[in-house]
Amino acid sequence: MTQSPTLSRRSAQSDSPLPRKSRQRGADARAGYTFLLPWLLGFIALTVGPMISSLYLSFTNYNLFEPPKWIGLDNYTTLFQDERFLQSVGVTVSYVVFGTPLKLAAALAVAMLLNSKRRGQGFYRSAFYAPSLIGASVSIAIVWKAMFGDAGPVDQGLSIFGINLGGWVGNPAMTMPMFILLTVWQFGAPMVIFLAGLKQIPADLYEAASMDGAGPVRKFFNITWPMLSPVIFFNLLMETIHAFQIFNSAYIISNGEGGPAGSTLFYTLYLYLRGFSDFRMGYASAMAWLLLIVVGILTLIIFRTSKSWVHYSGDTK
Amino acid sequence: MTTMATPTQSTPDAEVPYYNPKSESVGAKRAKSTIFHVVALALTAVVLYPGLWMIASSFKPNAEIGGANTSLWSNNFSFDNFVTAMDGIGGVSTLQFFTNSLILAIGAVAGTVLSASVSAYAFARIKFPGRSVFFGMMIATLLLPFHVVIIPQYIVFQQLGLVDTYVPLLIGKFLAADAFFVFLMVQFMRNLPAELDEAARIDGAGHVRIFGSIMLALMKPALISTSIFSFIWSWNDFLGPLLYLNTPEKYPLPLALRLFVDQTQSSDYGAMIAMSVLALLPVLVFFLVFQRYIVEGVSTQGLKG
């Protein structure tokens, strides 16, 4: 009601307001959809369509050669009695729960180390970032397998210090630490993002805190952590989602089998084996939807809780 | 400036010793700098060790790679492993695998740059009904685990008879399926001044002209980041080729590497590592040449490795 007079006044001021504007608007709409066409096509054909059919398939038995047979919730109920499935959940969860925070902690610590203006900063930044670029490649998985092989260089190197772990690759108790080391080693990507965030924090905040006698610990918790929280939030979300989807290194290091004793049977590896080795496409689709639901819930939790600990620059003042 | 910063206003009776970096002695400064470099260099050594180990091992005879040998240095350096690795596997030369990887990577770059820039222009610069809804959906696909779509995608491509061709590996690139790149370009374009298009519009330019002659030229940094990352991601891609390719003649390097590992197992460690080096070579070269762009791209756009 209050807006209508201003609107009419504005249209009364210009000479030929409506036809011209609406023509422009129509042209814009046409241009908009034309330019958006590639994405729209891809979104419908490669995302929405497949999502709907994978939801449908998850309620069926489908082996690619005979038509899908509707079985209701059977896939989902069978999943929770499938020991290998439960194992793959355990493997993946422990990887996400231990690997992601360790990786982010390493990233933040090194970012803080590099944040001061010193010579060689650019070199260190690049050197630390390099593993992130190649970490998921087959080559690095092979190198990791060779280095952490039983009686391999890492094992031998540790035995110099009198540490004997009984191998890594062939030892079910040590495969997870090996994968966690592989992900922590790739701390460079979140580190670079942390560094960019640290640079945004005004230096006078630290100066003021110093004058008030704050030590490094208080400065960290009262300035760095809150000011950096949006970046921490972003990294936490992306790394968590990323970690759930580990596949390449798991496949290569375990020869595509998830051994020894199922200790490297990551969720996505089991999904792949069920779908593309056993051709149980319906079962694998049910797994995919469970993953989607879990990642969705986690994203929601991270978003919800973020309100209590993420501070955007708008609400600090 | 320094006088402004002195704590004249803060309570003088509190006797709080305040920290002023300028008051540090030259010696203390130098000590701090030394500690920084010692820590940073030690970390560099740890982080780069696997890569150095890989490169060093690729030149070593088999007997010196596994087991107790942690040293990077060997007295028997040779190119033998690379000679074996270049022979390839399954009757296909490594050069062929290289060519395949290159075709896929160049196709990925071309497709992504074209489709993502056009779509991003629509999101960033054109007003049309439903834009914000679509934009939200595009952002949501960033968080979508791709496992939800690979099974139906596979079924469709299989029924279309496109398995064992490059079509399933490339079609998504031409349809802006990597939301990351669309998002990156949208963010970039939004920061370009609006006066540019307005002026062009007054001069009678349509969206095609504005996009083709103004936007594309201005968003070069975003196009370069996109090209570099889509090249490297395509080069390292393993799951896609694993699903869709059956004939070794069509394999890109990561898949060939897996075949090589399967068939040689640990019998020829040296050749296996040499082939790993070869498979990473373009990425390493790319990194050395473009590291500034790459690292800066990550920090401004939040890309992953």
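All chains are named by letter (A, B, ...) in the order of the sequence lines, taking the proteins before the strands, and each is independently numbered beginning at 1. Predicted model only: the values in this text are computed from it and were never measured.
- Of the atoms belonging to A:Tyr62, it is side-chain heavy atoms, and not backbone ones, that fall under 4.5 Å from chain B.
- Of all the listed residues (B:Val182, B:Leu41, B:Leu253, B:Val283), the one sharing the greatest number of non-hydrogen pairs under 4.5 Å with chain A is B:Leu41.
- When heavy atoms are compared at a cutoff of 4.5 Å, B:Leu114 does not approach chain A at all.
- Both the backbone and the side chain of B:Phe134 come within less than 4.5 Å of a heavy atom in chain A.
- Between chain A and the options B:Phe174, B:Trp235, B:Phe146, the largest number of non-hydrogen pairs under 4.5 Å is found for B:Phe146.
- Looking at A:Val295, the atoms closer than 4.5 Å to chain B (heavy atoms on both sides) all sit in the side chain, from C-beta outward.
- Around CZ of B:Arg209, the count of heavy atoms belonging to other residues, nucleotides or ligands within 6.0 Å does not exceed 12.
- Here A:Ser54 is the residue among A:Ser54, A:Gly122, A:Ala196 with the most heavy-atom pairs under 4.5 Å with chain B.
- Ranked by heavy-atom pairs under 4.5 Å with chain A, the first of B:Ala177, B:Ala116, B:Ala120, B:Ala40 is B:Ala40.
- Heavy-atom distances place no part of A:Phe194 under 4.5 Å from chain B, backbone and side chain included.
- Among A:Ala31, A:Gly49, A:Ser116, the residue making the largest number of heavy-atom pairs under 4.5 Å with chain B is A:Ala31.
- Aromatic pair A:Phe266/A:Phe247: ring centres not closer than 6.0 Å.
- Looking only at heavy-atom pairs under 4.5 Å with chain B, the residue among A:Met191, A:Arg30, A:Arg119 that has the most is A:Arg119.
- Of the atoms belonging to B:Phe238, heavy atoms from both backbone and side chain fall under 4.5 Å from chain A.
- No donor-acceptor pair closer than 3.5 Å links the side chain of B:Gln291 to the backbone N or O of A:Ser126.
- With hydrogens and angles ignored, the 3.5 Å screen pairs no side-chain donor or acceptor of B:Ser33 with any backbone N or O of B:Lys29.
- Only the side chain of B:Ile126 comes within less than 4.5 Å of a heavy atom in chain A; its backbone stays farther off.
- Heavy atoms of A:Leu40 lying under 4.5 Å from chain B belong exclusively to its side chain.
- If you tally non-hydrogen atom pairs under 4.5 Å between each of A:Leu46, A:Ile52, A:Val110 and chain B, the highest count goes to A:Leu46.
- Scanning all heavy atoms of the two residues, the minimum distance from B:Val47 to A:Pro131 falls at CG1-CG, 3.5 Å.
- Between A:Arg125 and B:Glu296 there is a salt bridge, with a side-chain nitrogen of the basic residue lying less than 4.0 Å from a carboxylate oxygen of the acidic one.
- Checked against a 6.0 Å centroid threshold, the rings of B:Tyr244 and B:Tyr154 count as neighbours.
- Looking at B:Phe286, neither its backbone nor its side chain comes within 4.5 Å of chain A, counting heavy atoms on both sides.
- Ranked by heavy-atom pairs under 4.5 Å with chain A, the first of B:Val208, B:Ile273, B:Val149 is B:Val149.
- Neither the backbone nor the side chain of A:Leu195 comes within contact range of chain B; no heavy atoms are under 4.5 Å apart.
- Taking chain A as the reference chain and counting heavy-atom pairs below 4.5 Å, the highest number among B:Ile171, B:Ile150, B:Ile155 is found for B:Ile155.
- For A:Val231, no part lies near chain B; criterion is any non-hydrogen pair under 4.5 Å.
- For chain B, the nearby part of A:Ile252 is the side chain; its heavy atoms alone come within less than 4.5 Å.
- For the side-chain contact (heavy atoms from CB on, under 4.5 Å) with A:Phe148, the qualifying choice from A:Leu181, A:Leu182, A:Asp155 is A:Leu181, the only one to do so.
- Judged purely by atom type and a 3.5 angstrom limit, B:Ser101 has no side-chain atom pairing as donor or acceptor with the backbone of B:Pro252.
- For B:Leu255, no part sits under 4.5 Å from any heavy atom of chain A, backbone or side chain.
- For A:Thr299, the part lying under 4.5 angstrom from a heavy atom of chain B is the side chain only.
- Heavy atoms of A:Leu36 lying under 4.5 Å from chain B belong to its backbone as well as its side chain.
- Interface residue B:Ile232: only side-chain heavy atoms are found under 4.5 Å from chain A.
- The main-chain N or O of A:Met287 is found under 3.5 Å from a side-chain atom of A:Tyr267 such that the two form a donor-acceptor pair.
- In this model, a donor atom of one side chain and an acceptor atom of the other lie less than 3.5 Å apart for A:Lys145 and A:Asn255.
- With no hydrogens or angles considered, no side-chain donor-acceptor pair links A:Trp39 and B:Ser115 at under 3.5 Å.
- Between B:Phe183 and B:Phe123, a ring centre-to-centre spacing not shorter than 6.0 Å is recorded.
- The number of heavy-atom neighbours closer than 6.0 Å to NZ of B:Lys127, taken from other residues, nucleotides and ligands shown, is 12 or below.
- Under 3.5 Å, the side chains of B:His147 and A:Tyr272 contain no donor-acceptor pair of N or O atoms.
- For A:Tyr124, the part lying near chain B is the side chain, with the backbone staying farther off; criterion is any non-hydrogen pair under 4.5 Å.
- Heavy-atom minimum distance, A:Gly32 versus B:Ala122: O-CB, 3.6 Å.
- In this structure, chain B has no heavy atom under 4.5 Å from any part of A:Phe244.
- Looking only at distances, no side-chain donor or acceptor of A:Ser285 sits under 3.5 Å from a matching main-chain atom of A:Ser58.
- Your options are B:Leu242, B:Asp237, B:Asn236, and the one with the most heavy-atom pairs under 4.5 Å with chain A is B:Leu242.
- Both the backbone and the side chain of A:Leu113 come within contact range of chain B, each with at least one heavy atom under 4.5 Å from a heavy atom of that chain.
- For a residue to count as touching a neighbouring chain, one of its non-hydrogen atoms must lie under 4.5 Å from one of that chain's; by this rule B:Thr141 touches chain A with the side chain only.
- Looking only at heavy-atom pairs under 4.5 Å with chain B, the residue among A:Thr34, A:Leu291, A:Asp204 that has the most is A:Leu291.
- With a 4.5 angstrom heavy-atom cutoff, A:Leu37 does not touch chain B via any of its atoms.
- In this structure, B:Arg201 pairs ionically with A:Asp28, as a charged nitrogen and a carboxylate oxygen lie closer than 4.0 Å.
- For the residue pair A:Ser210 and A:Lys219, a side-chain donor N or O sits within less than 3.5 Å of a side-chain acceptor on the partner.
- In terms of non-hydrogen atom pairs under 4.5 Å with chain B, the most contact-rich of A:Ala284, A:Ala27, A:Pro38, A:Gly197 is A:Pro38.
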